[in-house]
Amino acid sequence: MTQQNNSLHISGLSFSPELFDVISKYQRIFPSNPSALYTREFADVVIQEMVDSLDIFNVSFIAHNVDRFMSTVLCQMNQSYTQQSQRYVKASTETVLNDVIEGFENILGTELYNQYLDFQANKVIPYYKKVSEVKEGEKEGGRGLDKYKYGIPIEDARYVLPMSVNTTVDITMGFDKLFDIYALGRIEYSMGWELGFHKLWKCLLEAFDNKFKTFFDMTTLNQYFVERLISPSRISKLLRLYSHSESVLSIDNRQNDVMISSVFGDAYGVNKLVTGAYTSTQEYVDCTHIKNHMTDEGKRAIINRVTGYGHTSIQEHYQGLSRMNMSLSCYHQYLRHRIPTNRVNWILFDKYKSIHKNVFIPASILNGPQEFYHEYIEIMAKYREFYSIVMERCKTQTIPENKAIMLATRIAPNAAKVEVYSRSNLRADTWINRERLCMTAASEIRQLIAQKYLALTKDDEESLYLDTLPPCFLGLGCKEGKMTCSHAKAIATEVSEFKR
């Protein structure tokens, strides 16, 4: 398949045909000048009704050459989503120095902007290609360190690429989510940024049928509609994705990448599992008896019996809150599980003086040729310098910090760390662990989930988490098919070490 151009564009737009009926209804309700006919209160009710009625319809499209920051935010919308694997990303001056980067000239100034272009073209991209060179006869993007000349796989080399690098995403979402894209585009446009989500919105308008385009053109000019979509409450909800506030919890030992703060864990969580088990079959549940008189063995027996029937919904009562420091690249992977509720502090890139605490360093680079490691650190330090300049320039232009991060993150590397607070339950963790403790998973997220697993599988909780291990460890065979790592025994040994 031939790529048409290097600018952001969409293809394959499709939508539920029933949308025509809904759109026609609201076109009749909203004439071109509704203020002459309706009060604000009435218009507000109708607009909310319209947005609510559209969320049951699907719209699907492929967005080409969106930057990694945009693809991360699109993934946060929790819609059906597929992205080009980073193993197959072709990093070049065209995919890195794209039209998104052109928008930084006004912020950095011509001299610094040209320095950034030179940094990417003559430092970052050559480094990326050099360290991930495959051995003679091997295909690019293959799995396994033995396929690479220096033992550095391409997914580890990608950490030096900026978040502005082009990627492709295939999205199916509720029609109402288009209004989120519109709102994000309005935020960027208000900062003089006509790229990113603003451009994506324009591409979507161009691709829609004339009836839809007429509808959106009309409603975009409608002051009630615009005010509703970019109201403070709606924007606040979207901007929580870019919050740069202080940590929301006081958790000790902040040097660790994973810290657990139980919400409904420990004894209380076990009791909730038992009450859930009883509730599924009985009219009345005596919580006091369960808490004060049942033995731990009795509780385990009831939990195992009910979950043994396949009634795993009770596992959702066992919930915990974890704080995880991870790279932007890893965060994107974690988001794809969708079930956990996440709050992110963007971004840790300038939080610590030591660059080693601000970025993730893959083991293959840390333990590989020393010249590659030192060059990696130099690249990260230069990235931080540019990031700090963008944040400072935005400040002088009176751009609020939470909005400025939408711009600055685009020139941060994939390796830059963010602080993620994630609330998940045992049922969600089962799926995440089975996917991410697999030997074929990316090394960073595998290390994080292993640390989280280790923190949770202790004392009384251990038996609850045994079933969350990869299928091969449970004797269920490998789920990877032809892509298997062929090291099922190694997984069993390694997970056993985690539990000690």
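In this chain, residues are counted from 1 in sequence order. Computation of the quantities below employed the complete heavy-atom set of this structure, encompassing side-chain atoms and omitting hydrogens, waters and symmetry-equivalent molecules.
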Looking only at side-chain N and O atoms, does Thr172 offer a donor or acceptor that is under 3.5 Å from a partner on Ser60?
yes

Audit row: Thr409, Phe69, side-chain contact (heavy atoms from CB on, under 4.5 Å) steps and yes/no
CA-CA 7 Å; Thr409 301; Phe69 175 77; 3.7 Å; yes

For a 4.5 angstrom cut-off between non-hydrogen side-chain atoms, does Glu375 reach Lys123?
yes

Criterion side chain to side chain donor-acceptor pair (under 3.5 Å) on Tyr334 and Ser422, from CA distance to verdict
CA-CA 10 Å; Tyr334 188 74; Ser422 180; 2.7 Å; yes

With sequence neighbours left out, write down each residue that passes salt bridge (charged side-chain N to carboxylate O under 4.0 Å, His left out) with Glu105, or none if nothing qualifies.
none

Would a distance-only check, ignoring hydrogens and angles, find a side-chain to backbone donor-acceptor pair under 3.5 Å from Ser164 to Asp67?
no

Flag side-chain contact, heavy atom, 4.5 Å: Met163 against Met70
no

With salt bridge (charged side-chain N to carboxylate O under 4.0 Å, His left out) as the criterion, how do Glu155 and Arg158 come out once you've worked through the C-alpha distance, each side chain's angles and the decisive distance to 0.1 Å?
CA-CA 5 Å; Glu155 60 263 33; Arg158 70 183 172 190; over 6 Å; no

Check whether any side-chain heavy atom of Tyr387 sits under 4.5 Å from a side-chain heavy atom of Pro413, and report yes or no.
no

Salt-bridge test for Arg436 and Glu444: reply yes if a basic N is under 4.0 Å from a carboxylate O, no otherwise.
no

A side-chain contact here means heavy atoms from C-beta on lying under 4.5 Å apart; do Gln76 and Tyr331 qualify?
yes

Intermediate values then yes/no, side-chain contact (heavy atoms from CB on, under 4.5 Å), Tyr81 and Met173
CA-CA 8 Å; Tyr81 175 99; Met173 60 172 60; over 6 Å; no

Arg323 versus Asn325, side-chain donor and acceptor atoms under 3.5 Å:
yes

Please find the pair of heavy atoms, one from Val359 and one from Ala416, that lie closest to each other, and give the distance.
CG1-CA, 4.3 Å

If you compare all heavy atoms of Cys438 against all heavy atoms of Pro470, which two are closest, and at what distance to 0.1 Å?
N-CG, 4.1 Å

Quick check against the 3.5 Å criterion: does Tyr128 have a side-chain atom that pairs as donor or acceptor with the backbone of Ile154?
no

In Å, rounded to the nearest 0.5 Å, how long is the span from CD1 of Ile56 to CZ of Phe175?
12.5 Å

Is it the case that the side chain of Thr82 and the backbone of Asp170 share a donor-acceptor pair, with hydrogens and angles ignored and the cut-off at 3.5 Å?
no

By ring-ring contact (aromatic ring centres under 6.0 Å, His included), Phe386 pairs with (sequence neighbours left out) Tyr116, Phe119

Does the side-chain contact (heavy atoms from CB on, under 4.5 Å) test come out yes or no for Cys330 and Leu448, once each step is laid out?
CA-CA 9 Å; Cys330 184; Leu448 279 172; 3.6 Å; yes

Take Leu74 and Ile171 through the side-chain contact (heavy atoms from CB on, under 4.5 Å) test and state the conclusion after the steps.
CA-CA 8 Å; Leu74 288 169; Ile171 303 169; 3.6 Å; yes

Is there a side-chain contact between Val134 and Lys149, using heavy atoms and a 4.5 Å cut-off?
no

Where the side chain of Arg336 meets the backbone of Gln333, is there a donor-acceptor pair that is under 3.5 Å apart?
no

Do the side chains of Ile152 and Ile365 get nearer than 4.5 Å, heavy atoms only?
yes

The reported gap from CD1 in Ile361 to CG in Asp156 (rounded to nearest 0.5 angstrom) is 12.0 Å

Smallest heavy-atom separation, Gly196 atom then Leu8 atom, equals O-CD1, 4.0 Å

With sequence neighbours excluded, what pairs up with Arg393 under the salt bridge (charged side-chain N to carboxylate O under 4.0 Å, His left out) test?
none

Residues that Tyr159 engages under ring-ring contact (aromatic ring centres under 6.0 Å, His included), provided they are two or more places apart
Phe360

Say you draw a straight line from CD1 of Ile432 to NZ of Lys452; how long is it, rounded to the nearest 0.5 Å?
5.5 Å

Got a sec, which residues hit side-chain contact (heavy atoms from CB on, under 4.5 Å) with His198, two or more places apart in sequence or on another chain?
Tyr189, Glu194, Lys202

Do any N or O atoms from the side chain of Tyr383 and from the backbone of Val160 form a donor-acceptor pair under 3.5 angstrom?
yes

Do other residues, nucleotides or ligands put more than 12 heavy atoms under 6.0 Å from the NZ atom of Lys395?
no

Donor-acceptor check, side chain of Asn114 to backbone of Thr110, threshold 3.5 angstrom: yes or no?
yes

Heavy atoms of Leu321 and Arg423 approach each other most closely as CD1-N, 4.0 Å

For His332 and Ser71 the tightest heavy-atom approach is NE2-OG, 3.1 Å

What is the distance from atom CD1 of Ile389 to atom CG of Leu108, rounded to the nearest 0.5 Å?
7.0 Å

Kindly determine whether Glu435 and Arg446 satisfy salt bridge (charged side-chain N to carboxylate O under 4.0 Å, His left out), including the steps that lead there.
CA-CA 9 Å; Glu435 291 289 323; Arg446 187 165 178 270; over 6 Å; no

Hits for ring-ring contact (aromatic ring centres under 6.0 Å, His included) against His337, two or more places apart or cross-chain, chain-then-number order -> Trp431

Once you round to the nearest 0.5 Å, how far does NE2 of His64 lie from OG1 of Thr167?
11.0 Å

Measuring only between side-chain heavy atoms, which start at C-beta, is Leu328 closer than 4.5 Å to Thr72?
no

For Ser424 and Asp429: C-alpha separation, side-chain torsions, deciding distance, then whether side chain to side chain donor-acceptor pair (under 3.5 Å) applies.
CA-CA 7 Å; Ser424 60; Asp429 284 343; 3.0 Å; yes

For residues Gln83 and Cys75, determine if any side-chain heavy atom of one lies less than 4.5 Å from a side-chain heavy atom of the other.
no

Rounded to the nearest 0.5 Å, what separation is found between the CD1 atom of Ile355 and the CD atom of Glu385?
11.0 Å

If you compare all heavy atoms of Val131 against all heavy atoms of Tyr150, which two are closest, and at what distance to 0.1 Å?
O-CD1, 4.0 Å

